[in-house]
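Just so you know, residue 1 is the first one in the sequence shown, and it goes up from there.
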Amino acid sequence: MEYNEIIAALKSKLGDSPEENEKILKAEGEKFAHTGDYTALKAVGELLMENMPADRKEELQRLTYLDGMRLDEVYGKILKLINEKKNLEALPLAEKLYKKIMLDFAETETSKFVSLRNPFEDNLCQMLFKQEKNLSRTPFDFSAYITTYAYLLVETGANIDAIPILEKAISYNPVDVGPRFELAEIYKIIRNKKMVLQVTRDTLEIASSPVAIARCYANVGYTLVDSGEYEDAVVFYTASAMFAPNPAIPLELKHVADLKGSPVVKPSPQKVIDTMKKYDIEYGPNKRVIEIAAQLASYYIGKKDIPQALNALKLTYNLTLDEDVKKLILQMDPKAAMLRPKSE
């Protein structure tokens, strides 16, 4: 639905009692938070603001506005400047947004803010990162906002300064691969092989798509070329192409062939597994990630929530290529597209 249609649908559920309206809107907000529908969450936020007493409205505005603009609108302005190649103009605005988040949504001794975007991320985070503190959901995707600030720092030459910023982004969403990939890019730039490998291992623990896994392997391939370990680099580039074909990989393999002065040889499956183990990396997705996606699919099938069940089933299929899962997806949605073809 369009934004105005969502607003109209929400208003149709409201009555004359501000207290009851707040309960209804919060319940709707929780529902949209679980589906990752940020457009609908924005609509809920707008109606909550309208429904609030003046003193609470003022406090919410203080938390979610910066210089008269809602935080997501500020972020949209930053992205627009980046798209226009105006990074130097975007940087101070991104820094201001980052400082606002750090001030008003800081972790305390008893609570922590998180920017988990959907039920899968909620479950994956709980499984892999046990929290002793009370978790509160942020009103916007702060992990993405902070990662963009770090990106601008890197683009303007402040590579080392961006590292602690990215660690903050990860703290808001430990299962978001975005800030971890930016971190790997920095370590590639400064030629820190040890940290490229460590960040890659950490990212593979949470990677939930073939594209993310393929990028992890390609990052290792790049850093191994940089350190002159050409045969091992070929293994990781080959593994990357097996998970998600990318037109850059053949070019990288040609570059390796040029460097070593002889054609590259396609490694056997066993060679791939053995070489990866040498770097303490297991071939394929993290089994716990698959388990969580499959369990989530089963839960939503039991609830007869077909859209959420399909989301979880597609995650499961793309990580496993399990034909039984594919058949179940096609039973629910005969026109469903499988994102990951079987590699040759």
Item to check | Same apolar cluster (I L V M F W Y, side chains within < 4.5 Å links), Met242/Val256 | outcome: no

Could you walk me through whether Lys287 and Glu291 satisfy the salt bridge (charged side-chain N to carboxylate O under 4.0 Å, His left out) test, starting with their C-alpha distance in whole Å, then the side-chain angles of each, then the deciding distance to 0.1 Å, before giving a yes or no?
CA-CA 6 Å; Lys287 291 180 175 58; Glu291 287 171 7; over 6 Å; no

Heavy-atom closest pair (Leu152 atom, Ala94 atom, distance to 0.1 Å) is CD1-CB, 3.7 Å

* Do the charged groups of Arg201 and Glu205 touch, with an N to O distance under 4.0 Å? -> no

What's the verdict on side chain to side chain contact (heavy atoms under 4.5 Å, CB included) for Thr223 and Glu229, showing C-alpha distance, side-chain angles and the deciding distance?
-> CA-CA 9 Å; Thr223 205; Glu229 297 164 88; over 6 Å; no

Between Ala90 and Ile82 the two heavy atoms that sit nearest each other are CB-CG1, 4.2 Å

Other residues, nucleotides, ligands: >12 heavy atoms within 6.0 Å of Glu73 CD:
yes

Under a 3.5 Å threshold, yes or no: a donor from one side chain and an acceptor from the other, between Thr138 and Ser115? yes

query: Is the shortest heavy-atom distance from the side chain of Ile189 to the side chain of Val154 under 4.5 Å?
result: yes

The reported gap from OH in Tyr75 to CG in Leu93 (rounded to nearest 0.5 angstrom) is 12.0 Å

Query raised in the report: Would you call Glu231 and Lys260 a salt bridge, taking side-chain N to carboxylate O under 4.0 Å as the test?
Result: yes

Requested in this report: Return yes if a side-chain donor-acceptor contact under 3.5 Å exists between Tyr299 and Asp305, otherwise no.
Outcome: no

Verify the neighbour count for atom CZ of Phe105: are there more than 12 heavy atoms of other residues, nucleotides or ligands below 6.0 Å? yes

dist Ile329:CD1 -> Asp324:CG (nearest 0.5 Å) comes out at 11.0 Å

Query raised in the report: Do Asp176 and Arg117 come within less than 4.5 Å of each other through their side chains, counting heavy atoms only?
Result: yes

Where do Phe120 and Val289 land on the side chain to side chain contact (heavy atoms under 4.5 Å, CB included) test, with the steps shown first?
CA-CA 9 Å; Phe120 174 74; Val289 174; 3.8 Å; yes

Test side chain to side chain contact (heavy atoms under 4.5 Å, CB included), reference Ile301, set Leu328, Leu310, Ile306, output is Leu328

- Criterion side chain to side chain contact (heavy atoms under 4.5 Å, CB included) on Tyr283 and Lys277, from CA distance to verdict: CA-CA 8 Å; Tyr283 178 74; Lys277 281 186 177 177; over 6 Å; no

Heavy-atom closest pair (Cys216 atom, Thr203 atom, distance to 0.1 Å) is SG-CG2, 3.6 Å

The ring-ring contact (aromatic ring centres under 6.0 Å, His included) partners of Phe181 (sequence neighbours excluded) come to none

Residues Ala214 and Phe243: closest non-hydrogen pair is CB-CB, 4.1 Å

Rounded to the nearest 0.5 angstrom, the NZ-OG1 distance for Lys266 and Thr238 is 8.0 Å

Working for side chain to side chain donor-acceptor pair (under 3.5 Å), residues Gln126 and Asp122
CA-CA 6 Å; Gln126 288 179 39; Asp122 282 343; 5.7 Å; no

Next item on the list: Check whether any side-chain heavy atom of Val234 lies under 4.5 Å from a side-chain heavy atom of Pro267, and answer yes or no.
Entry: yes

- Task: Could you please spell out the steps behind the side chain to side chain contact (heavy atoms under 4.5 Å, CB included) verdict for Lys271 and Val235?
- Result: CA-CA 8 Å; Lys271 172 78 169 173; Val235 167; 4.1 Å; yes

(Q) Tell me whether Leu315 shares a hydrophobic cluster with Leu204, the cluster being built from Ile, Leu, Val, Met, Phe, Trp, Tyr side chains joined at under 4.5 Å. (A) yes

Heavy-atom side-chain contact between Leu253 and Ile249 under 4.5 Å
yes

Smallest heavy-atom separation, Ala162 atom then Ile186 atom, equals CB-CD1, 3.7 Å

Notebook entry, point to check: Are Ile101 and Leu153 co-members of a hydrophobic cluster defined by side-chain heavy atoms under 4.5 Å apart?
Noted result: yes

### Task
Report yes or no: do Gln270 and Ser268 form a side-chain donor-acceptor pair below 3.5 Å?
no

Review point. Hey, are Arg70 and Asp72 close enough for a salt bridge, meaning a charged N less than 4.0 Å from a carboxylate O?
Key: yes

d(Leu116 CG, Arg137 CZ) to nearest 0.5 Å is 6.0 Å

### Message
Between Tyr172 and Tyr145 (judged by ring centroids, cut-off 6.0 Å), do the two rings come close enough to count as a pair?
### Response
no

message: Do Ile163 and Tyr187 make a side-chain contact, defined as non-hydrogen atoms from C-beta onward lying under 4.5 Å apart?
response: yes

TODO: Measure the shortest side-chain to side-chain distance between Thr64 and Phe140 over non-hydrogen atoms and say whether it is less than 4.5 angstrom.
DONE: yes

#### Entry: Any donor-acceptor N or O pair under 3.5 Å, side chains Asn134, Ser111
no

Ion pair Lys100/Asp104, N-O distance below 4.0 Å: yes

Partner of Ile146 under side chain to side chain contact (heavy atoms under 4.5 Å, CB included), picked from Leu166, Ile165, Leu97, is Ile165

SB check Asp226 Lys193 (cutoff 4.0 Å):
no

With sequence neighbours left out, the residues meeting side chain to side chain donor-acceptor pair (under 3.5 Å) with Lys11 are none

Closest heavy-atom pair, Leu71 versus Leu66, reported as atoms and distance to 0.1 Å, is CD2-CB, 3.8 Å

| message | According to a hydrophobic-cluster definition based on side-chain heavy atoms being under 4.5 Å apart (Ile, Leu, Val, Met, Phe, Trp, Tyr only), do Ile206 and Ile290 belong together? | response | yes

| message | Pair Glu323, Lys327 - check salt bridge (charged side-chain N to carboxylate O under 4.0 Å, His left out), show working. | response | CA-CA 6 Å; Glu323 285 298 316; Lys327 289 175 185 175; over 6 Å; no

Do Tyr151 and Glu182 pair up side chain to side chain, a donor and an acceptor below 3.5 Å, judged on atom types alone?
no

Check your understanding: Are Asp322 and Thr316 close enough that some pair of their side-chain heavy atoms sits under 4.5 Å apart?
Key -> no

Test side chain to side chain contact (heavy atoms under 4.5 Å, CB included), reference Tyr217, set Val220, Ile213, Asn219, output is Ile213

- Just do the salt bridge (charged side-chain N to carboxylate O under 4.0 Å, His left out) check on Glu185 and Lys188 with the steps written out, would you? CA-CA 5 Å; Glu185 289 302 314; Lys188 282 161 61 180; 2.9 Å; yes

- Taking 4.0 angstrom as the limit, do Glu109 and Lys133 come out as a salt bridge? no

message: Hydrogens and angles aside, do Tyr300 and Gln295 bring a side-chain donor and acceptor to less than 3.5 Å of each other?
response: no

message = I want to check something: taking the side chain as every heavy atom from C-beta on, are Cys125 and Lys130 in contact at a cut-off of under 4.5 Å?
response = no

### Query
Under a single-linkage definition using a 4.5 Å side-chain heavy-atom cutoff for Ile, Leu, Val, Met, Phe, Trp and Tyr, are Tyr230 and Val265 assigned to the same hydrophobic cluster?
no

Exercise. Give a yes or no on whether a salt bridge exists between Lys278 and Asp274, defined as a side-chain N under 4.0 angstrom from a carboxylate O.
Key: no

